[in-house]
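Input: a single structure, listed below in structure tokens.
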Amino acid sequence: MKYWLMKSEPDAYSVDDLAAQPKKTDYWDGIRNYQARNFMRDEMKIGDQAFFYHSSCAEPGVVGIMEVVRAAYTDNSALDSKSKYFDPKATAENPRWVMVGVRLKRKLKRAISLRELKTYKALIDMPLLQRGTRLSIMPVTKKQWDYIIKLSDS
DNA sequence: GCCAACGTTGGC
DNA sequence: GCCAACGTTGGC
């Protein structure tokens, strides 16, 4: 089982939006970056755990815990000319983009801000904290995962 | 709103 | 296949 961090802008889709879905389950669409797509397509499996991360907002940080409930499948928003995620180069034969199904397990008892994450030596290697990293989906090690869970629960 | 960093595009 | 131009991300 692997661990992940998935970014979303709360103005567009927040952890509370996911919490409001039936069974707190939804799909994670709109990923238009190859490296992030490849993580979903090649490595994400049912049962994997993922942090819900709020980006581009007043207090960026980790806010929730999700579980992958469906492995990668076609992101049809790429084919929908009315979608904001429309990709003119995507075709039915080669849709290019995939999404996964996710379920919110719970919100963290205490959100862990980016500002706080940066203060811990144990997390120094997280890609999230590396200068210039813009990946919207990135792997998290078990150590980092456990460390953040402990922070939020204590 | 600014801007550094990075990814993608497209002319050559 | 190079690389300049452009668009996007995302923290601040």
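In summary, contact between chain A and DNA chain B, defined as any nucleotide atom under 4.0 Å from a heavy atom of the protein, begins and ends at B/dA5 to B/dG10 in the 5' to 3' direction.
The ring pair (Phe, Tyr, Trp, His ring centres under 6.0 Å) search around A/Y120 returns A/Y147, not counting sequence neighbours. Partners of A/Y53 by ring pair (Phe, Tyr, Trp, His ring centres under 6.0 Å), not counting sequence neighbours: none found. Not a single salt bridge (Lys or Arg N to Asp or Glu O under 4.0 Å) links A/K143 to another residue, sequence neighbours left out.
Proximity of residues 50-61 of chain A to DNA chain C (heavy atom under 4.0 angstrom from any strand atom) is restricted to A/Y53, A/S55, A/S56, A/P60. Contacts between residues 129-136 of chain A and DNA chain B, defined by a heavy-atom separation below 4.0 Å, involve A/R131, A/G132, A/R134, listed by number.
Residue A/W97 is tested with A/F86, A/W28, A/Y34, A/Y85 for a ring pair (Phe, Tyr, Trp, His ring centres under 6.0 Å); the sole match is A/Y34. Of the options A/V69, A/I65, A/V68, a side chain to side chain contact (heavy atoms under 4.5 Å, CB included) to A/R103 is made by A/V69 and by none of the others.
Remark: A/K150 does not engage A/D146 in a salt bridge, criterion side-chain N to carboxylate O under 4.0 Å. Salt-bridge formation is detected for the pair A/D87/A/R96: a Lys NZ or Arg NE/NH1/NH2 atom is positioned less than 4.0 Å from an Asp or Glu carboxylate oxygen.
A/R110 places a side-chain N or O within 3.5 Å of a backbone atom of A/L151 that can act as its donor or acceptor partner.
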* Can you list the steps and then say if A/R115 with A/E59 is a side-chain contact (heavy atoms from CB on, under 4.5 Å)? -> CA-CA 8 Å; A/R115 189 166 35 81; A/E59 187 87 328; 3.0 Å; yes
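Both A/K89 and A/Q35 lie near DNA chain B, and the one whose nearest nucleotide falls closer to the 5' end is A/Q35.
Follow the hydrophobic side-chain contacts under 4.5 Å out from A/Y27 and you never reach A/W4; the two are in separate clusters.
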